[in-house]
2 protein chains.
Amino acid sequence: MAKKLNLKTAAVEKSSHLEYFKIAVSVDCVIFGYEDKELKVLLIKSDLKEFAGLYSLLGDLVRPDEDLNEASYRVLKERTDLDDVFLQQVHTFGAVHRHPSGRVISTAYYSLVNINSHKLKIDNNDLHWHPVKNIQKLAFDHKEILDTCLEHLRGKIEEYPVAHNLLDEKFSLRALQELYEAIMNEPLDRRNFRKKITLKNWLIDLNEMEENVPHRPGKLYKFRPRLMKSRK
Amino acid sequence: MAKKLNLKTAAVEKSSHLEYFKIAVSVDCVIFGYEDKELKVLLIKSDLKEFAGLYSLLGDLVRPDEDLNEASYRVLKERTDLDDVFLQQVHTFGAVHRHPSGRVISTAYYSLVNINSHKLKIDNNDLHWHPVKNIQKLAFDHKEILDTCLEHLRGKIEEYPVAHNLLDEKFSLRALQELYEAIMNEPLDRRNFRKKITLKNWLIDLNEMEENVPHRPGKLYKFRPRLMKSRK
DNA sequence: TCAAAAGTGTTGCGCCTACACCCATGA
DNA sequence: TCATGGGTGTAGGCGCAACACTTTTGA
């Protein structure tokens with residue numbers, strides 16, 4: 001009974017805090033792809049005058065009736081038409097002046113997609129895959145977001161079989177190693193890499209060989225299907 | 001020149017998206033403490049009718065002119081009067097209906113504080129330290145937030161010397177081990193624990209002994225000062 | 001036959017776990 | 001002298017890094 005004193009309904013609480021509903025929430029997606037032995041990220045030309053000439057990550061405001069995670073899937077789907085992909089939340093960036101349009105707090109996600117398996121929905125915004133290594137500056141705090149996500153990705157691929165999202169279904173161990181080298185940005189020892197991967201037991205030997213290569217063909221592998229839970 | 005076509009100022013962009021500024025952003029702080037060989041968390045009685053009788057984490061809406069991280073420091077300061085503490089962002093929870101007052105997206109932080117080194121600012125909301133082990137249910141999605149933060153803490157203390165935030169300045173190795181056992185929720189081998197800690201070189205031997213213990217006194221240690229960067 | 005990459009093992013090191021005994025102190 | 005915890009070392013296993021030679025294929 002005495003406890004009743006301080007209780008208020010949610011509706012009452014909301015009305016007393018209306019002035020706080022002035023912050024927009026967005027998601028920014030670091031969409032990684034892999035092509036020509038390079039890790040790439042999907043960028044778009046910023047359409048803000050303040051960032052004229054700079055590229056930015058793909059992002060959008062979260063809709064009032066949309067889960068935060070769903071918003072990141074929507075962004076991805078809108079741009080790549082993919083909807084069953086690896087996508088992971090990493091960090092939320094909330095500096096007051098990070099966005100010139102007003103107060104926008106943004107949750108960063110990264111995603112791994114196969115560049116060959118989809119067509120970009122290219123509009124007139126210069127959407128393109130950009131090699132991660134060359135990126136010096138992006139609009140907003142997107143360079144920091146990119147760096148943070150790349151750091152997370154580096155930790156992730158050591159422990160989880162997520163690399164299949166970036167590759168075609170069949171691949172040689174060399175191709176897989178080149179992918180790892182591109183992500184880690186360092187050369188790896190071939191024998192040790194093969195041992196480590198074998199030990200993890202992520203791969204299935206397809207008993208097929210590379211074809212049309214100008215050298216001794218390598219065996220082809222694929223990732224074990226049960227490991228490939230997308231959307232998480 | 002041609003590029004000018006699609007550019008718009010930030011002000012224009014904001015006006016075209018006003019309907020999205022309807023989501024509130026909050027921070028929820030999992031404030032961990034350590035007392036009586038138990039890991040505890042600071043809880044408050046929920047003041048929402050929808051959650052009558054349940055406890056919740058400490059949180060607050062982020063102010064329009066306040067950095068996200070600063071909001072979490074403010075919440076901590078308001079409740080514990082501490083302002084130079086370990087605080088780390090973990091995850092952002094954004095389900096549509098996670099808050100009955102409306103659309104509130106919440107970024108979760110956890111913090112490590114010394115229960116003895118401050119006085120709680122206790123108001124009439126039944127603010128108290130609650131053993132983590134006994135918690136079954138909390139208001140909102142706060143149980144999930146707690147679990148997520150605890151999992152992160154477990155990883156953190158293995159790699160970083162953050163435990164000093166929970167202990168008094170001087171402590172015995174046994175006390176440190178008991179803290180680790182409380183956090184990991186499992187017994188640890190004494191010899192192996194000491195070896196591991198010694199190897200990490202986090203501690204300074206104070207050449208002092210425990211006093212007033214009913215058994216052989218142990219040596220006292222403290223954490224190396226340079227390691228103790230608070231606020232990350 | 002050459003160029004290019006495939007494929008393969010061993011050694012040493014550091015870290016981890018499991019495990020048992022004697023020592024110092026206060027009651 | 002007893003109860004309580006302090007303090008210590010070793011052995012086996014595992015993962016990791018460093019490192020070189022032979023084989024297969026296409027050109």
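Quick note on labels: first sequence line is chain A, next is B, and so on, each numbered from 1.
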Legend entry - Qualifying residues under salt bridge (charged side-chain N to carboxylate O under 4.0 Å, His left out), relative to A:K195, sequence neighbours excluded: none
Inset, instruction - Round to the nearest Å and state the distance from A:L220 atom CG to D:dT25 atom C1'. - result: 15 Å
Legend entry - Partner residues of A:K219 under the salt bridge (charged side-chain N to carboxylate O under 4.0 Å, His left out) criterion, sequence neighbours left out: A:D205
Legend entry - Pair A:E78 + A:R74: basic N to acidic O under 4.0 Å: yes
Inset, instruction - Could you check how far CG of B:N212 sits from C1' of C:dA24, rounded to whole Å? - result: 16 Å
Inset, instruction - Any pair with a residue in residues 177-188 of chain B that passes side chain to side chain donor-acceptor pair (under 3.5 Å), sequence neighbours left out, goes on the list, sorted by first then second residue, please. - result: B:K37-B:E178, B:Q177-B:E181
Legend entry - Rounded interatomic separation in angstrom, taking CG from B:L188 and P from C:dC19: 15 Å
Legend entry - Pairs satisfying salt bridge (Lys or Arg N to Asp or Glu O under 4.0 Å), at least one member in residues 127-141 of chain A, at least two apart: A:R98-A:D141
Inset, instruction - At under 4.0 Å between heavy atoms, which parts of nucleotides 3-10 of chain D does protein reach? Answer with one letter per nucleotide, 5' to 3': B base, S sugar-phosphate only, - none. - result: -BBBBBBB
Legend entry - Rounded distance in Å - NZ (A:K196) to P (D:dA18): 11 Å
Inset, instruction - Round to a whole Å and report the spacing from CG of B:N201 to C1' of C:dG14. - result: 16 Å
Legend entry - d(CD1, A:I197; P, D:dC16) in whole Å: 11 Å
Legend entry - Partner residues of B:E151 under the salt bridge (charged side-chain N to carboxylate O under 4.0 Å, His left out) criterion, sequence neighbours left out: B:R154
